[in-house]
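In what follows, a structure is listed as structure tokens, so that the remarks can point back to it.
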Amino acid sequence: MTEYLEVAFGGDGNVYIRENINPETVVVTTETKWEAFCLGVKAGEFDHFVEGIDD
């Protein structure tokens, strides 16, 4: 089974994140924090976590 994240914007200012293989566990963050995280991903701030990992 392919693993992936599901992200939902609740309209209440929160973002709800869960894994498709573990849907009963939901992480909640704010839209502001989610946007900051996405900007960091785009800027390469987390690339060092996957250095050396082969596809």
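Cluster annotation: L5 and V26 are assigned to distinct hydrophobic clusters (Ile/Leu/Val/Met/Phe/Trp/Tyr, side-chain heavy-atom contacts under 4.5 Å, transitive). Residues Y4 and Y16 are members of separate hydrophobic clusters, defined by side-chain heavy-atom contacts under 4.5 angstrom among Ile, Leu, Val, Met, Phe, Trp and Tyr.
Summarising the geometry of T25 relative to R18, their closest heavy-atom pair is O-CB, 3.3 Å, with the distance given to 0.1 Å. Listed here is the closest heavy atom pair of E3 and N20: CA-OD1, 3.4 Å. The shortest heavy-atom contact between V7 and V15 is CG1-CG1, 3.5 Å.
In this structure, CG in N14 is found 11.0 Å from CZ in F9, a value given to the nearest 0.5 Å.
Relative orientation of the F49 and F46 rings is parallel, given thresholds of 30° and 60° on the angle between their planes.
Side-chain contact check for E6 versus I17: every heavy-atom pair is 4.5 Å or farther apart.
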